[in-house]
S.K.: 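My questions all concern the structure below.
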Amino acid sequence: MSDKRKIMEYSILNDKKEGVAMDIVTNDEYIGDSRLAEWYFKSRDGYELDSFSLGYFLKDLGDFVVVKTIDLNGALDTVTAFLKSDILEIRYETAYTDMLNSYIEQNMESNLYDPYHLMNQWDIFNANTIQQVLLNCFEAEKVISVCILEGEYVEHGKIVLLTDNVMTLNESEYLADLNEHENCNTTIRISKTTEINFLSKNNHLYEQYLLKKPESNNK
């Protein structure tokens, strides 16, 4: 059983025992709400315990909403755009969010909440449309991650082709670094993506790895 599932089962049990008054939102009322929330999605098996993301609303981008996601230890994990039409439900004031709020406060006090300064990077890439944010990532050669509607696979890499409607990542180079089978880079329709990680701890670490690779291998 995963740590997340154990914590969620404990939290749900406490919600029932203590009669926690969860605030549940199923429409766009989350826009502008600064509280920590559990975000559930249609494409992630609905209400399965492992299916949600924990995070804060950050920005409205038309068909997408940008969220600061939080990891199991209460640290900033990603800055991610979620497809609005894929959002099933958002829950505030749960036993789990209450516990993670405590973790987040402790991390902030110890300067461990955002050790890789993702929010400082977001200030550079921030824009008012999804296309402009992606263009900023393309120009800066940022490594991003993309989930596709009705797909289980997450694509990673730098954007090598970008139009108003589609993008292509250098997925084959990313897989080559992992010594995995090299698939051809595929074109992704932006409207068919459910999740785009503009910034993440994992991708930041991979970018630092690329900077340290011998130049002959880093192309």
Side-chain angles (χ1 to χ4, degrees), residues 39 41 43 53-71 73 75-84 86 112-149 151-180 182-219:
W39 298 69
F41 303 93
S43 61
S53 287
L54 188 77
Y56 300 95
F57 167 85
L58 183 60
K59 190 180 186 71
D60 182 6
L61 283 183
D63 292 334
F64 292 83
V65 57
V66 182
V67 175
K68 295 186 294 182
T69 68
I70 305 299
D71 68 17
N73 299 311
L76 182 64
D77 192 27
T78 76
V79 177
T80 295
F82 293 116
L83 183 66
K84 286 181 179 177
D86 190 44
L112 297 173
Y113 171 70
D114 184 11
Y116 301 114
H117 309 292
L118 298 183
M119 290 311 300
N120 287 343
Q121 295 182 55
W122 173 246
D123 289 340
I124 298 172
F125 299 109
N126 187 8
N128 291 323
T129 66
I130 193 78
Q131 287 80 8
Q132 185 60 52
V133 177
L134 289 170
L135 178 60
N136 294 342
C137 292
F138 169 69
E139 292 176 341
E141 298 186 340
K142 292 296 294 181
V143 175
I144 67 172
S145 302
V146 179
C147 295
I148 304 172
L149 191 64
E152 297 181 356
Y153 182 69
V154 179
E155 298 207 20
H156 307 271
K158 298 177 182 179
I159 302 172
V160 293
L161 172 67
L162 179 68
T163 72
D164 287 342
N165 300 310
V166 301
M167 61 179 160
T168 302
L169 307 185
N170 64 341
E171 173 88 36
S172 59
E173 292 184 34
Y174 178 87
L175 292 175
D177 280 326
L178 300 177
N179 291 320
E180 294 186 11
E182 294 186 34
N183 294 323
C184 295
N185 298 333
T186 57
T187 298
I188 303 167
R189 186 163 292 278
I190 296 171
S191 63
K192 295 296 184 181
T193 60
T194 58
E195 180 178 335
I196 305 172
N197 297 157
F198 299 125
L199 298 163
S200 72
K201 290 189 295 187
N202 287 343
N203 286 343
H204 172 81
L205 292 171
Y206 175 63
E207 287 172 338
Q208 300 310 302
Y209 159 75
L210 290 178
L211 291 174
K212 294 178 180 179
K213 283 179 64 177
E215 188 171 336
S216 61
N217 295 329
N218 189 11
K219 294 181 181 180

S.K.: With side chains defined as the heavy atoms from C-beta onward, is the minimum distance between Leu135 and Leu162 less than 4.5 Å?
M.R.: yes
S.K.: Checking Ser145 against Asn203 for the side chain to side chain donor-acceptor pair (under 3.5 Å) test, could you report, in this order, the C-alpha distance in whole Å, the side-chain angles of both residues, the deciding distance, and whether it holds?
M.R.: CA-CA 8 Å; Ser145 302; Asn203 286 343; 3.0 Å; yes
S.K.: Taking atom types as modelled and ignoring hydrogens, do the side chains of Thr187 and Thr168 form a donor-acceptor contact shorter than 3.5 angstrom?
M.R.: yes
S.K.: If you define the side chain from C-beta out and look only at heavy atoms, does anything of Trp39 sit under 4.5 Å from Val67?
M.R.: yes
S.K.: How close do Asn136 and Phe125 get, counting heavy atoms only, and between which atoms?
M.R.: ND2-O, 3.0 Å
S.K.: Just so I know, are the side chains of Met119 and Val79 near enough to count as touching, which here means a heavy-atom distance under 4.5 Å?
M.R.: yes
S.K.: Side chains of Lys59 and Asn128 only: does a donor on one sit below 3.5 Å from an acceptor on the other?
M.R.: yes
S.K.: Restricting to non-hydrogen atoms, name the atom on Glu171 and the atom on Asn185 that form the minimum distance, rounded to 0.1 Å.
M.R.: N-OD1, 3.0 Å
S.K.: Just verifying a value: how many Å separate Lys84 NZ and Asp60 CG, rounded to the nearest 0.5 Å?
M.R.: 3.5 Å
S.K.: Determine, using ring centers only, whether Phe41 and Phe82 are less than 6.0 Å apart.
M.R.: yes
S.K.: Would you say Leu169 and Val160 make side-chain contact, with heavy atoms under 4.5 Å?
M.R.: no
S.K.: Would you name the heavy atoms of Leu76 and Lys201 that are closest together and state the gap between them?
M.R.: O-CD, 3.4 Å
S.K.: When you measure from the side chain of Asn73 to the backbone N and O of Ala75, does any donor-acceptor pair fall under 3.5 Å?
M.R.: no
S.K.: Is the side chain of Asn202 donor-acceptor paired with the backbone N or O of His204 at a distance under 3.5 Å, no angle test?
M.R.: no
S.K.: Between Asp77 and Lys68, is there a side-chain N and carboxylate O pair less than 4.0 Å apart?
M.R.: no
S.K.: State, yes or no, whether a side-chain contact exists between Ile196 and Ile144 at a heavy-atom distance under 4.5 Å.
M.R.: yes
S.K.: Kindly give the heavy-atom pair with the smallest separation between Cys147 and Val154, and that separation in Å.
M.R.: SG-CG2, 3.5 Å
S.K.: Could you go through the side chain to side chain contact (heavy atoms under 4.5 Å, CB included) check for Leu161 and Met167 one step at a time?
M.R.: CA-CA 5 Å; Leu161 172 67; Met167 61 179 160; over 6 Å; no
S.K.: What's the separation between atom OG in Ser191 and atom CG in Asn165, rounded to the nearest 0.5 Å?
M.R.: 7.0 Å
S.K.: Rounded at 0.5 Å granularity, tell me how far CG in Leu83 sits from CD1 in Ile130.
M.R.: 9.5 Å
S.K.: So, for Thr163 and Ile190, which heavy atoms are closest and what is the spacing to 0.1 Å?
M.R.: O-CD1, 4.0 Å
S.K.: Do the side chains of Leu199 and Trp122 get nearer than 4.5 Å, heavy atoms only?
M.R.: yes
S.K.: Atom CD in Glu139, atom CG in Leu134: separation rounded to 0.5 Å?
M.R.: 11.5 Å
S.K.: What is the distance from atom CZ of Phe198 to atom CD of Gln121, rounded to the nearest 0.5 Å?
M.R.: 13.5 Å
S.K.: Under a 3.5 Å threshold, yes or no: a donor from one side chain and an acceptor from the other, between Glu155 and Thr186?
M.R.: yes
S.K.: Would you say that more than 12 heavy atoms from the other residues, nucleotides or ligands in this model lie under 6.0 Å from the OH of Tyr116, or not?
M.R.: no
S.K.: So, for Ile159 and Cys137, which heavy atoms are closest and what is the spacing to 0.1 Å?
M.R.: CD1-CB, 4.3 Å
S.K.: In terms of side-chain heavy atoms, does Thr80 have a donor or acceptor partner in Asn197 at a distance below 3.5 Å?
M.R.: yes
S.K.: For a 4.5 angstrom cut-off between non-hydrogen side-chain atoms, does Tyr113 reach Ile70?
M.R.: yes
S.K.: Is Leu210 close to Lys158 at the side-chain level, that is, under 4.5 Å between some pair of heavy atoms?
M.R.: yes
